[in-house]
Amino acid sequence: MAESWEMSGDKTLEVTLSDKWTWHNGDQFVAQDWVMQQQIELAIQQASDSEEEQLIKSVEAIDDQHIRIQLTDSLSEIFAVQNTIGIYNGNLARGIFTKHDDSKWKGWHDKLVNAEGSEKQAAIEEITTTKYPMITDDPIGHGPFQISEVGDNIIVMSKYEDHPNADNINFDEFALKLFSTEKPTQPYTSGKVDAAHKGFPIEDDLKSRLPEGHTLFREGRSSNKLFSFNCGHDVDYDSPVNNVNVRKAVCHVFDRKQTTTLLQGVDRPFEWAPCRVPGKVLSNGNHEASEWVKDFTKYGENNTKRAGELLRREGYQKSNGKWMTPDGKRFKLNIMNGADRPDIQVLKQNLKDFGIETKQEQVDDATFDDRRVNGEYDIMPDGSSANGVTAMWSIGLVPDWIQSITHFKPERDVPMPIGDPEGSSGTKTINVEQHIRKWQSTGDSKFHHELMWWWNQTLPEAEMLYQPDAGAYNGSSWQLDVDSGIKNGVDDALYIAPKMSNGTIQYKG
């Protein structure tokens, strides 16, 4: 919908919308529709108790086709776009559902913008708990398909002929089917649906069930499986891995190659140094980070010699094949959950062979969440999406969420130059949040390079496996013609494709 955009100042993004889009009742789609949704979101955020500074300061519709977004801090254009009209998560870019003259949205908007105190809080409670519009209420949309039928486990969508790209779509309807199973691969392999949006690749022993025209999309998407460490900042729990050299030693002891026989064709070994860059990006080799990481400290190679050096540096000693702590006690590490993870299984055996005792603890979800937030653990598994170089360094993700469960010190000295863990040129103080903000405001990749090195040398987490997170469709009947960035880079490519002027989904069965 956004035809063009530009930074008219270092804190101002100006956006021009197309005038070719209409809602399904024929009304023109206008800037005020998108702005209302943003203003509602901002009002709710500003009324919360969070001390986090909001990225967007204000947003306004200049006229029906022009939007002005004021940012709180200076941002380079790519970060300004990604965090506003192109935000990569949430609903604000994936769907605009606030038709500005809809009486219910208009009423909520007026209360949130103009009311004070208890009246505003009541409006927030109402808007955040009311399910509106319900899918059965025949809501008005503006995409290439509109709702024509709703059943208990099916939604039928029919083509909207007045959509700007309707002429590119050669089928009249499609159905979204819901299944009780949480594995979308099962209905696909059994032929009940033509496509599934996630869950591929599948285990080796299931591949014979795939349709003849089996074709993957979303191949640029992946998720990481990591070891998470309790870094110990501002928590009372005394853990050996509060020490960075102990964390490094543990990662050096791990033997990544031993996981390969335990994998079932889904997970892949993360073959690079920990650096907080998606494995798919590094495997493609097109991003400058794929060159930088070659100089980083590579763990996961069962380098017991280096692990021993780091432990002795911290006062640990080995006696009769067993490692002892600086105060003479048996060196023991507790691993909270992850007993079913192949990399955790290998890590435990590697540590045992090296002379470090491990204890496996399996706790329920509530206890797990409570203990990780309170920093009451040594090592735990973690999993995270790994979708996009910049997305992995968002303020809400690293300085906020990951810090809250790994308890790393927000500001730390890291050895320099990059690539030298002994720090022959001394150290550099890196405040993670400030570094991310400098990267976002300047667009200078040197800040990304240094953040990657901080991650590699601080090791709040270490990625050891990654899992491609693709979707699939039956290419015998369907052809997905869309820009490769859409086809392989976004969660909902099958829904985005028909909206794009340069691509769609073609039926060829």
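The structure presented is a predicted model; accordingly, all values stated were derived computationally and were not measured.
Interatomic distance, Cys251 SG to Glu463 CD, rounded to the nearest 0.5 Å: 9.5 Å. From Leu282, atom CG reaches atom NZ of Lys294 across 10.5 Å, with rounding to the nearest 0.5 Å. The line from NZ of Lys159 to CZ of Phe174 is 12.5 Å long, rounded to the nearest 0.5 Å. Note that CD of Gln39 is 7.5 Å distant from CG of Leu42, once rounded to the nearest 0.5 Å. Between the NZ atom in Lys198 and the CG atom in Asp469 there is a gap of 7.5 Å [rounded to 0.5 Å]. Put simply, NE2 on His435 and CD on Gln440 are 12.5 Å apart, with the number rounded to the nearest 0.5 Å.
A cation-pi arrangement is absent between Lys192 and Phe179, since the terminal nitrogen or guanidinium carbon is not both under 6.0 Å from the aromatic centre and inside a 45° cone about the axis.
For Arg256 (side chain) and Phe270 (main-chain N/O), a donor-acceptor pair under 3.5 Å exists by modelled atom type. A donor-acceptor pair under 3.5 Å is formed between the side chain of Arg341 and the backbone N or O of Leu226. Between the side chain of Asp73 and the backbone N or O of Leu55 there is no donor-acceptor pair closer than 3.5 Å. The closest donor-acceptor contact from the side chain of Asn488 to the backbone of Gly220 lies at 3.5 Å or more, if one exists at all. Distance alone, capped at 3.5 Å, places no donor-acceptor pair between the Asn165 side chain and the Asn168 backbone. Checking side-chain atoms of Tyr299 against main-chain N and O of Met464 turns up no donor-acceptor pair under 3.5 Å. In this structure, the side chain of Glu14 does not engage the main chain of His66 through any donor-acceptor pair within 3.5 Å. Here the side chain of Ser228 pairs no donor or acceptor atom with the backbone of Pro381 at under 3.5 angstrom. The main-chain N or O of Asp19 is found under 3.5 Å from a side-chain atom of Gln28 such that the two form a donor-acceptor pair. Looking at Asn387, its side chain does come within 3.5 Å of a backbone N or O of Ser222 through a donor-acceptor pair.
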Practice task
Just do the side-chain contact (heavy atoms from CB on, under 4.5 Å) check on Trp5 and Ile85 with the steps written out, would you?
Solution key: CA-CA 10 Å; Trp5 50 84; Ile85 60 172; 3.8 Å; yes
Exercise for the section: I would like to know whether Lys225 and Asp343 meet salt bridge (Lys or Arg N to Asp or Glu O under 4.0 Å); could you show each step before the answer? Expected result: CA-CA 9 Å; Lys225 292 185 176 178; Asp343 53 337; over 6 Å; no
Exercise for the section: Determine, step by step, whether Arg247 and Thr458 satisfy the side-chain contact (heavy atoms from CB on, under 4.5 Å) criterion, reporting the C-alpha distance in whole Å, the side-chain angles of both residues, the deciding distance to 0.1 Å, and the verdict. Expected result: CA-CA 8 Å; Arg247 299 196 293 273; Thr458 300; 4.0 Å; yes
Handout entry: Trace of the side-chain contact (heavy atoms from CB on, under 4.5 Å) decision for Phe296 with Gln457
Key = CA-CA 9 Å; Phe296 285 21; Gln457 291 300 295; over 6 Å; no
Practice task
With ring pair (Phe, Tyr, Trp, His ring centres under 6.0 Å) as the test, would you mind laying out the steps for Trp393 and Phe447 before giving the verdict?
Solution key: CA-CA 11 Å; Trp393 288 98; Phe447 294 107; over 10 Å; no
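Ring-centre distance between His214 and Tyr188: below the 6.0 Å cut-off. Residues Phe171 and Trp478 place their aromatic rings such that the two centres sit under 6.0 Å apart. Under the 6.0 Å cut-off for aromatic ring centres, Phe408 and Trp454 qualify, their centroids lying closer than that. Ring centroids of Phe79 and Trp439 are separated by less than 6.0 Å, placing the two rings close together.
The shortest heavy-atom contact between Asp378 and Val241 is O-CG2, 3.2 Å. Gly143 approaches His163 most closely through the heavy-atom pair C-CD2, 3.3 Å.
A side-chain hydrogen bond (donor to acceptor under 3.5 Å, both in side chains) with Ser445 holds for exactly one of His287, Glu450, Glu288; it is Glu288. Screening His24, His100, His142 for a ring pair (Phe, Tyr, Trp, His ring centres under 6.0 Å) involving Phe29 leaves a single residue, His142.
Classified by interplanar angle (parallel below 30°, tilted 30° to 60°, perpendicular above 60°), the ring pair Tyr377/His407 is tilted. Note on ring orientation: taking the six-membered ring where Trp is involved, the planes of Phe97 and Trp105 are tilted (angle from 30° to 60°).
The number of heavy-atom neighbours closer than 6.0 Å to CD1 of Ile154, taken from other residues, nucleotides and ligands shown, is above 12. Applying the 6.0 Å contact sphere to NZ of Lys352 captures no more than 12 heavy atoms from other residues, nucleotides or ligands. No more than 12 heavy atoms of other residues, nucleotides or ligands sit less than 6.0 Å from atom CG of Asp365.
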